[in-house]
Engineer: 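Would you mind keeping the following structure in view while I ask a few things?
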Amino acid sequence: MNLLKSLGWNSFFEENSKSFKQNGFSFARVITEHKERYIVALEKGELSAEVTGKLLYSSESNSHLPKVGDWVAVIIYEDEMKAIIHDVLPRKSVFGRKASGKKILEQVIAANIDLLFIVQSLDENYNHRRLERYLVMAYEGKMEPVVVLNKSDICPEVDLKLDEVKKNFPDVKSFTVSAEKGNGIDELKSILTEGMTSAFVGSSGVGKSSIINKLLGYERQKVNEIRLTDSRGKHTTTTRELIQLPSGGIVIDTPGMREFQLWTAASGIESVFSEIEKLGINCRFKDCTHIHEINCSVLAALETGELSKERYNSYLKLRKEAEWIRIKADPDEMRKREDKWKKIHKQVNVMKKFNKRNFGK
Ligand code: GDP
Ligand code: ZN
């Protein structure tokens, strides 16, 4: 099991794989996904893989299919040098849009990431709001966020910026690095220990590729092509999306992550704005929105200055966004809204006609 461990296998997956093991399955980790074709890593090496028709068609949505980082239950066909994926093991964490609640749209981009490195660059790119949103996303997906402030070599006030982050998010690990000069890279390696899986998020240009290359010790783009063979023997080249570092940790980097649009969800907001949630316990109304109610502890704290206006405003903004995503993702809720608006429009039209007939306008 040692090789599996270096691929990220741990007690969580051990526990969740018992029934599969009894049924004779082996376990592998998805390292590349390309149009429902996969490369998986096993104890013995890497194999092309496909999912069973059953899994393909029984999946309620695409998010139930294997994604990079997933552990899958496979049957290995050594002669044909391939594996068939029968099921996806429960995910420890999810990178994507996974809001709580029932009929919520899910878009899983990768799975089983332990550390989410949130990269901002210490030049103009540093943005407190964006950082908050990434933190929400990390908590929502059950990943541990780590803030990385890159390009320390071109910032005159590195410590000031780091102190600000530490002050605002005391529970979050934060580092300053320079991918260019190599400063701080060892610190990242020291928390990304053997079998730990990480991913990097942040705007384009902040230095994610540069940091990954520094961790790897080589230029990833040049070495990472692998060949995928389909059932008809056709080859395509694709890039390895789960990479093991020489120092032991793992990095997942997929095109989907690069294109990922930030979003927000309710339970993550509670973690990032825990002080507001705490204040809310003492509000008079259980479902207090902290906007207009009387005896609202949040508004009271705002009044005394205990809660800053800035913090309160970004809380409201994120909450509003999360609400919108929730509605958009819930067909019933969406229909209710549309019906409501249709009714309103109808009433307005009736009124218009009525006015025209009676008042000539
Ligand atoms: P990505 O889009 O986040 O992957 O960013 P890249 O790694 O491609 O880097 C964007 C640009 O920033 C490149 O021109 C890098 O050379 C530069 N860059 C990356 N890290 C550093 C750094 O630590 N210091 C400086 N000065 N430039 C950097
Ligand atoms: Zn309140």
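Note that ligands are numbered from 1 as they come in the structure, with each ligand's atoms numbered from 1 the same way. Because the structure is predicted, anything quoted here is derived from the model rather than measured. The figures here come from the full heavy-atom set of this structure, side chains too, leaving out hydrogens, waters and symmetry mates.
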Engineer: May I ask you to check whether over 12 heavy atoms, not counting those of Lys44, lie within 6.0 Å of atom NZ?
Structural biologist: no
Engineer: Report yes or no: do Tyr57 and Leu55 belong to one cluster of Ile/Leu/Val/Met/Phe/Trp/Tyr joined by side chain heavy-atom distances under 4.5 Å?
Structural biologist: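 Yes, Tyr57 connects to Leu55 through the hydrophobic network.
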Engineer: Measuring from Leu116:CG to Ser93:OG, what's the distance to the nearest 0.5 Å?
Structural biologist: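 Going from the CG atom of Leu116 to the OG atom of Ser93 covers 9.0 Å.
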Engineer: Does Leu160 belong to the same Ile/Leu/Val/Met/Phe/Trp/Tyr cluster as Ile154, with side-chain heavy atoms less than 4.5 Å apart forming each link?
Structural biologist: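 Different clusters: Leu160 never reaches Ile154 through Ile, Leu, Val, Met, Phe, Trp or Tyr contacts under 4.5 Å.
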Engineer: Quick check: of its N, O or S atoms, which one does His290 have closest to the Zn ion (ligand 2)?
Structural biologist: ND1
Engineer: Looking at Glu180 and Lys214, is there a salt bridge between them, counting it only when a charged N and a carboxylate O are closer than 4.0 Å?
Structural biologist: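 Salt bridge absent between Lys214 and Glu180.
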Engineer: So if I only count non-hydrogen atoms and take anything under 4.0 Å from ligand 1, which residues does that give, chain by chain?
Structural biologist: Asn150, Lys151, Asp153, Ile154, Ser178, Ala179, Glu180, Ser203, Ser204, Gly205, Val206, Gly207, Lys208, Ser209, Ser210, Arg258
Engineer: For atom CD of Glu303, is the number of surrounding heavy atoms from other residues, nucleotides or ligands below 6.0 Å larger than 12?
Structural biologist: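 No - once you tally the heavy atoms of other residues, nucleotides and ligands closer than 6.0 Å, there are 12 at most.
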Engineer: Hey, would you say the His290 and Phe273 ring centroids sit under 6.0 Å apart?
Structural biologist: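 Judged by ring-centre distance (under 6.0 Å), His290 and Phe273 do not meet the cut-off.
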Engineer: Rounded to the nearest 10°, what angle sits at the Zn ion (ligand 2) between SG of Cys283 and SG of Cys288?
Structural biologist: 110°
